[in-house]
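Residues: numbered from 1 along the sequence shown. Read the numbers this way: they start at 1 and go in the same order the structure lists the ligands and their atoms. Atoms considered below: every heavy atom in the structure, side chains included; atoms not considered: hydrogens, waters and symmetry mates. This structure is a prediction, so every number in the text was calculated from the model and none was measured.
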Amino acid sequence: MVDVKLFGLSPSPFSQRVVWALKLKGISYEYVEEDLSNKSNLLLQYNPIFKKIPVLVHDGKPIAESMVILEYIDNTWPENPLLPKDPHERSLVRFWAKFIDERTKPMMSFFTYVGEQQEKAINDNLQTLRIIEEHALGEQKFLGGDRIGLADIALGWIIHTLAAMEEIVGVKFVQADTFPLLHAWMNNFREIPVIKDNLPNHDQILDYFKGRREMFVKSPHACHHHH
Ligand SMILES: N[C@@H](CCC(=O)N[C@@H](CS)C(=O)NCC(=O)O)C(=O)O
């Protein structure tokens, strides 16, 4: 009997990465929803450095940082691998996973800023997406192959959290005519049964981010809790 617990927050893109990986692997787990304005003692104990979700706890051993957790999951449960076998192909997927992860929080600035800063953030997002469109995607359905992997899971947040933020701000970054490959990727990704069946509720995310918009304008990162 595996003992797996996930401490998460449903509208968090980082938390969602872990949910998808566990579901893809068919691992059953206990989910603990955290309130970031009143973090549980267990969360503080399991992630004393950053005090952030997500944290995965496997047989009492905590793992923090979403991308580290994904690698742990892949190493622990090898079925439906998230990384290719070939070392060079692996490194390419890791490269894109890292690139995407590093850009994830900055990509939320268009939501936290207004005016000129927001315009700049919007342009930065278009540049980031342009890089992915032109360099990471090609003939293959997914980032690094014909099946979903680590980099796809890293980018998956653009179909839910980014989509909700776009709706609130009134922008749409990925259009079929301007980013055809990314647009196709989004559809391919969304159509995977495990992804489709485990999407955060759109209205709930929308409410969450609408309600916290004010706070985001004051605080540098969209996911930070209110001090
Ligand atoms: N790099 C981290 C980011 C996680 C993160 O930013 N979590 C946010 C929620 S989306 C959080 O727990 N914030 C609480 C805080 O900063 O106090 C990861 O990939 O896991």
What part of I53, side chain from CB on, backbone N/CA/C/O, both or neither, has a heavy atom under 4.0 Å from ligand 1? both
Sub-4.0 Å heavy-atom approach of L9 to ligand 1: no
Going by the atom numbers of ligand 1, which of them fall below 4.0 Å from some non-hydrogen atom of S12? 10 (S)
Going by atom types only, do Q117 and S109 share a side-chain donor-acceptor pair under 3.5 Å? no
Sidechain N-carboxylate O distance under 4.0 Å for K25, D74: yes
For E34 and ligand 1, answer yes if some heavy atom of the residue is under 4.0 Å from a ligand atom, otherwise no. no
Between I27 and H58, is a side-chain contact (heavy atoms from CB on, under 4.5 Å) present by the stated rule, with each step listed? CA-CA 11 Å; I27 308 303; H58 182 206; over 6 Å; no
Pairs of nitrogen or oxygen atoms closer than 3.5 Å, one from D101 and one from ligand 1: do any exist? no
K105 heavy atoms within 4.0 Å reach ligand 1 at atoms 5 (C), 6 (O)
In terms of its nearest heavy atom to atom 20 (O) of ligand 1, the top option of G8, S15, S66 is S66
Spacing of CG belonging to L182 relative to CZ belonging to F189, to within rounding of 0.5 Å: 12.5 Å
Salt-bridge test for K98 and E102: reply yes if a basic N is under 4.0 Å from a carboxylate O, no otherwise. yes
Do R147 and F142 form a cation-pi contact, if we require the NZ or CZ to be under 6.0 Å from the six-membered ring centre and within 45 degrees of the ring's axis? no
